[in-house]
Structures are given as structure tokens and as C-alpha cells.
Amino acid sequence: MNKTAQTVESAAGTFHIEDVYPLIDGGRFPVKRIVGERVDVWADIYRDGHDIVAAELIWRGELDHEWRREPMILHGNDRWFGSFVPDAPGRYFYAIEAWTDEFATWRHGFDLKQKAGADVTLDAIEGAGMLTKAQGGGRAAAAVILKQCENYLQTGDPAPLLTPELQEAMAESQSRPDLTRSQLFPFVADRPRARFGSWYEMIPRSQGKVPGQHGTFRDCIDRLPDVAAMGFDVVYFTPIHPIGKTNRKGRNNAVTAKEGDPGSPYAIGSAEGGHDAVHPELGTLQDFRAFVLACKEHNMEVALDFAVQCAPDHPWLKEHPQWFKKRPDGSMRYAENPPKKYEDIVNPDFGCEDAGSLWNALRDVVLFWVDQGVKIFRVDNPHTKPFPFWEWLIHQVQLHHPDVIFLAEAFTRPKLMKGLAKLGFTQSYTYFTWRTQRWELEQYLIELTGYPERDFYRPNFFVNTPDILPFHLQGGEPWMFKSRVALAATLSGTYGLYNGFELLEHEPIPGREEYLDSEKYEIKVRDWDKPGNIKAYIRDLNLARRANAALQQTSNLRFLPIEDSNVIGFVKEAVDGSNSVDGSNTVAVAIALSRDVHEFWLPLGDVQTGAADDRRHIAAVENLITGERYALDWGGIRVRIDPMRDPAVLFRCLA
């Protein structure tokens, strides 16, 4: 467990406490774990001389005052191990304390001298004297110490000083004059949804049934049985706020809107309100609350887009003009990503003199929607806003609402994406959307599941988005859609798709990875049962994910050496919070990456399953979709995949 752990100097004292794991950048950023799972902590702890060392792992909630304690155990070569289990979501600190166990040191020396036949009379008196100085332990420990001390004084026999009960009581009660505490290390315990979930993204105004008619929250409620039947856990809404009229974009991102064009939902704010209001044509705030409640009844959650940008007629531009930049000629500075220009959007100025009020207002927007029942936020383009703001905002919200989840929508430079995850974003978008070859998928997953990334970066694999129609989907081939959703659903504990994927929507703007006639700029009505849809396929994948803990996480993943380079194979095993093997569930997966029929050997001979103290080689596999069982022969099985029928096979491994 010594992978890229950082060296940490002791705050003061006799001991060196170093090479601590887990840490992110020496403790600058919090490690991430899931509530209820064991957190393993390792450290090198040593001092000069031969005295016996004792150590404890201490931990507490950020707002708590009392420390909770767990003993650390010497693993060998001054490497110590301890663990604890956070019992509630929240932000925590942990630290390591070390001290000299003076009584254990005395007892060890006494035992050596006694075995060598030396005179130990004075040594026994010395040990008894240590008993008289003990204090600070519990009543039970004090009673043991008093009894054994009296037994020695009455008989002169040192045997009472050597009992295990006395050693345990003294470990609790003796003074610790050289106690050394490490610095405090932060970590976050998130609820299970942070690690596992299937997301379904929809633009709410396009959920109606009448062509050209604006959809409502009630229409969205009517869609929930269909979404739930596909096995999704999270329904993610693009912005639901009033849409600006000034410089409103037309269809296909036209600079000028025509009469009746609804505009982009990301141009937030108008005379009807801003980030804390709902678009009037969607319904009322009460209707939105009804949608949240309806999702809960279907065992789904609501995720809401949080886009820190305003339409030119957002109320804030009149109420707080100091929050926005003007050009030298006095005109408004619109959002730009040269050569692109977004005349329908204005970005707040985080460097303005009144930045504190701006920060508070944005925090209050998040808290407002938390009060409406929203506990998941997909943050739009966080990499274009100051890092200190996100660290502050997420901390502020989670300190009082630790169950809130933030997803960073940042398709940008890798280190920048990882930096956002370190700052506190619970989940992150990834480059999976564009990874198609076996070697690059394997390379990317090895990166995400290695150290230190696995301790802070939780991937959310989206197969498509309203902004991104990848080139590999533009042919509209069903096998490719199935292959991509199978890859996302089995490689990552969390994945998502944008509605229309299940209908194989694939018409692009020629030469670009964008949807033609994008519903970002118009209202669409679909036949959600359109012939040729892959809803049943997605349902089966999601049901397999729910039934197999191995598929509900990302990190415990191992690729298999399949000879066919157009087939990717891997094994996933259920894990606990320490990333040690849980052994309750192991799944093997093979997925075709080309349309050809593939026949290949799936090597499973070295795959083991079971608890850590009872590991067994697997003897058979069971198809998670069909229920068929196959015994292993010569350490594997022969598999045939016809992608035109199903490009993926999922097996539960049986010992």
C-alpha cells in the first residue's frame, strides 16, 4: 500500500511519521472514500533506540471536537497499519499518533534478563514503580493495575507484573511524555451514489407529445416510467431556468432567432427570473418539486445543471452590474471561446471588486435547489472559473449538506481535469467519449484506476452529450451503440447517456461531432418506442449492474490478454472502502470493438474469487443476461461474439 504515498514530517517530537498513505499532494487535498467502507491507513513510524513503539490512528468529522481512535499494528520494517470506518457522509480529518510504550519496553527487557538467568530484583521494583504512576485509564484498567501491584507487593513475586491483562491496562493508562502527532490529513466520505449510478440526460422542454409544443414538468413525470424501466438511477436535467430573449440563438445555433425559437437553455435569465427560477413554460416551482418526488417514487434522483453564466437580460445585470465586464466602448463583454462567440451569454467577473457577494450569491443558488430536493449538480464548464471558488463553494455546501454530489463537466487538459477533482468535485467527465481502440481504452483505464488517481478521481463515462455526437456513432450502426453503452456501463461504476441514444439518433452537422438540428436550440418530440430502439439492451445492462457489486465500482479492474485485438476483456471484483478484495462478486466481461464475428479464447485460469482468507480459482461462469453456465476447460472458455446480435458478454465467476 506504498504507492506514491507522500512523505510527511512529524509536527514535533521523538518520532518520524512518514510515507503516509492515503494522501493527495502531501495532504493538501482530501482523499475520497464511500461512507460505511473501511479506510486503510499505512505509515512508516520509527524513533531512535530499541524502545517499543505504540501508535494509534485518530479521526474525526471536520465539525466534531472529539477524536475517535483505532490502534495501529506493526506490519514489519517500521511499517504500521490501521483502519477505520466512517459511519456518515461528510468531511473528516485523520492523523497518526505515536509514543514510546514504556511499560512494554520494561516488560520486554525484564523477560530477556529473566530468561538469561540475570538478577531481576531491581527490575521488578522498577516495573512496580511504573504501576504507581499510571493514570488516565478507565476504571477497569485502574482496577487491574491496583490488583496486580498489590499482588506483587504482598508476595515479591514478579509474575503479577507480567500478565497480559496488566500489559493491556498499562497501555491504556501510562503517561505518554513523547507523544508525537502527525499533521492532519483531510478525507471525504461520500454516499454510495458518488461511486455508482446510471445517468439519463434529458432536455425537459422536449419531453412533450405535441410537435412544436413546449414540454412541461408534468410531461417529464409522464416519461419517468419509461426511464425507470431502462434501469436508470439519476435523471439529469439541462438548465430549467428562464431563457434570455436578448441575442437569443436560433435553430442550429443561428445568430438570429426566428419567431417562436425557444433559445438555448444555457442562456440563463430573463425578466421572469434567474438561476433560482424555473422557465414559465415548464411549469411552476411546485411542479418541479412534484417531479423530484415522482423520481423518488421510481427510485431515481434528480441531477440539475449548474451553469455559471447569464443571458444579457438576467436580473443580475441590472441588480449587480459590478459583477460583469464591459468593453472599452462601454458595450457588454459577451462570452467567447475564440473564434466562437456566444452573444446570448455573459460570464460573471470573478475578479470584480464585489467578488465576495458574487460568490455568496452563487452558493445561495445551489443551496436554494438543495432545499427543493436536488442533491446532485452537474457543473457546466467549471474549468473556465477560478479554482479557489470551486474549492470554497463545494466545501461550503458539503459542510452542511454532505450528501450533495458535484459532477465536473470539463472536457479539457488532463491535469486541469484532475485538478478540479482534487479541489472537491465528486465525479468527473472523461475522455472515454473518444476512446475507441482497445489499446487506448486499456491505457486510459489503467491511468484512472492507478495511484494516486483512484484516490481522488471518480470517472463518469458519458457515451454522448447534447454537445457531442462522436464520429463513431454517426454511422447509426446498432452494434456500435450497444458496444459503446456496454463499455461505459461495465468499465465505470458511473456512466451516462443523453436521451435519443436509445433511439440511435446519429445525424451530425457534416464534418463535426455535433448533432444536426440540436434540441439545444429547438423543441423536439420523439416516438420513444421507435422501432429499432435499444431500450431493452440498456435495461439488461443496468439490471446486471444493480445485481453485481463488481460492476458498481471502477478501480478494481484487470484486463485479460485476449489475442483478438478487436475484443477487449477484463475482470472486475467487488471491493470495500480500502480497495482490498471483498470477494463477494467477480465478473468477467468481453466486448467487441468491430462489427466482425469474433471467436476467441477467454483466459480465466488465474482469476480467483472469494474472501481474502479463502481465495479460490473459478471453476465456471454464468452469463448475466441469459443465465447459461459454462465450466472452465484448460483455464478458460471459448467465446463467440456476433456484434450484430450482441457485442458484449458478461459472466459471473463461480468458484
Side-chain angles (χ1 to χ4, degrees), residues 192-193 195-203 206-207 219-237 291 294-303 376 432 460-465 473 476-506 526-554 572 585 587-592 621-628 641-652:
R193 181 62 67 225
R195 188 181 66 183
F196 170 69
S198 306
W199 290 47
Y200 185 84
E201 179 177 1
M202 64 166 67
I203 297 181
S206 290
Q207 307 307 312
D219 292 321
C220 295
I221 291 174
D222 291 342
R223 285 236 42 229
L224 290 182
D226 185 40
V227 177
M230 285 186 281
F232 288 99
D233 308 298
V234 177
V235 178
Y236 154 43
F237 271 173
F291 175 78
C295 284
K296 186 176 181 180
E297 292 172 349
H298 286 283
N299 296 315
M300 295 188 294
E301 289 191 63
V302 176
I376 304 177
F432 165 79
N460 191 328
F461 281 9
F462 264 78
V463 294
N464 67 326
T465 76
L473 296 181
E477 298 175 279
W479 80 267
M480 176 60 80
F481 278 74
K482 291 180 179 180
S483 176
R484 294 303 295 178
V485 72
L487 285 165
T490 56
L491 283 170
S492 179
T494 303
Y495 87 100
L497 60 81
Y498 157 57
N499 69 191
F501 181 92
E502 70 270 39
L503 305 181
L504 310 185
E505 291 184 353
H506 63 278
R526 298 174 172 89
D527 174 6
W528 296 106
D529 293 313
K530 178 182 176 181
N533 71 75
I534 59 170
K535 290 162 57 175
Y537 189 80
I538 295 170
R539 176 202 64 206
D540 289 344
L541 285 171
N542 284 333
L543 289 177
R545 282 163 52 83
R546 288 183 178 178
N548 290 272
L551 297 176
Q552 296 172 16
Q553 55 83 40
T554 306
K572 300 183 81 173
N585 184 244
V587 171
V589 179
I591 301 175
V621 294
E622 178 183 85
N623 190 301
L624 294 182
I625 307 302
T626 67
E628 297 172 288
I641 292 180
D642 180 356
M644 298 305 176
R645 295 170 60 97
D646 188 343
V649 290
L650 286 64
F651 296 116
R652 182 183 292 111

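For reference, positions follow the sequence shown, starting with 1.
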Contacts of E505 that satisfy salt bridge (charged side-chain N to carboxylate O under 4.0 Å, His left out) - sequence neighbours left out | R526
Just jot down the ring pair (Phe, Tyr, Trp, His ring centres under 6.0 Å) partners of F196, sequence neighbours excluded, or say none.
-> none
E477: salt bridge (charged side-chain N to carboxylate O under 4.0 Å, His left out) partners, not counting sequence neighbours | R595
Which atom of A544 lies closest to which atom of L551, heavy atoms considered = O-CD1, 3.9 Å
Spacing of L224 atom CG and C295 atom SG [to the nearest 0.5 Å] | 4.5 Å
Are the side chain of K535 and the backbone of D226 linked by a donor-acceptor contact shorter than 3.5 Å?
-> no
Report the C-alpha distance between I538 and F232 in whole Å, list the side-chain angles of each, state the deciding distance to 0.1 Å, and finish with yes or no for side-chain contact (heavy atoms from CB on, under 4.5 Å).
-> CA-CA 9 Å; I538 295 170; F232 288 99; 3.7 Å; yes
Would you please test V235 and V227 for side-chain contact (heavy atoms from CB on, under 4.5 Å) and show each step?
-> CA-CA 8 Å; V235 178; V227 177; 4.2 Å; yes
Pairs meeting criterion salt bridge (Lys or Arg N to Asp or Glu O under 4.0 Å) with involvement of residues 538-547, two or more places apart | D233-R546
Looking at side-chain heavy atoms only, is the closest gap between L491 and T554 below 4.5 Å?
-> no
Quick one: pull up CG in N548 and CG in N585 and give me the separation to the nearest 0.5 Å.
-> 4.5 Å
Under the side-chain hydrogen bond (donor to acceptor under 3.5 Å, both in side chains) test, which residues partner E628, sequence neighbours left out?
-> T626, Y630
Answer yes or no on whether R484 is positioned over the face of F432, meaning its NZ or CZ is under 6.0 Å from the six-membered ring centre and within 45° of the axis.
-> yes
S483 side chain to W479 main-chain N or O, any donor-acceptor pair under 3.5 Å?
-> no
Is it true that a side-chain atom of E502 and a backbone atom of G500 form a donor plus acceptor pair closer than 3.5 Å?
-> yes
Residues passing the ring pair (Phe, Tyr, Trp, His ring centres under 6.0 Å) test with Y236, sequence neighbours excluded, are none
For D646, check side-chain hydrogen bond (donor to acceptor under 3.5 Å, both in side chains) against everything at least two apart and list the hits.
-> Y537
Note: E622-R652 ion pair, threshold 4.0 Å (strictly below) = yes
The reported gap from CG in L541 to OG1 in T490 (rounded to nearest 0.5 angstrom) is 7.5 Å
Sequence-distant partners of F651, ring pair (Phe, Tyr, Trp, His ring centres under 6.0 Å), two or more places apart = none
Output for pair (M202 CE, Y200 OH), nearest 0.5 Å, gives 5.5 Å
Can you tell me how far the NZ atom of K482 sits from the CG atom of L504, to the nearest 0.5 Å?
-> 9.0 Å
Audit row: W199, I376, side-chain contact (heavy atoms from CB on, under 4.5 Å) steps and yes/no = CA-CA 11 Å; W199 290 47; I376 304 177; 3.4 Å; yes
Output all residues satisfying side-chain hydrogen bond (donor to acceptor under 3.5 Å, both in side chains) with N499, sequence neighbours left out; order by chain, then residue number.
-> Q207, E519
Determine, stepwise, if the pair M300 / V234 fulfils side-chain contact (heavy atoms from CB on, under 4.5 Å).
-> CA-CA 5 Å; M300 295 188 294; V234 177; over 6 Å; no
Would you please name every residue forming a side-chain hydrogen bond (donor to acceptor under 3.5 Å, both in side chains) with Y495, sequence neighbours left out?
-> N542
Going through the checks in order, is the ring-ring contact (aromatic ring centres under 6.0 Å, His included) test met by F481 and F501?
-> CA-CA 8 Å; F481 278 74; F501 181 92; 4.9 Å; yes
Report the distance from atom OG1 of T494 to atom CG of N460, rounding to the nearest 0.5 Å.
-> 5.5 Å
List in chain and number order the residues that pass salt bridge (charged side-chain N to carboxylate O under 4.0 Å, His left out) with D642, two or more places apart in sequence or in another chain; answer none if no residue qualifies.
-> none
Quick one: closest heavy-atom pair of K572 and S492, and the distance?
-> NZ-N, 4.0 Å
Which residues pass the salt bridge (charged side-chain N to carboxylate O under 4.0 Å, His left out) test with D527, sequence neighbours left out?
-> none
Quick one: are the ring centres of F237 and F291 less than 6.0 Å apart?
-> yes
May I ask you to decide if K296's main-chain N or O and H298's side chain share a donor-acceptor pair within less than 3.5 Å?
-> no
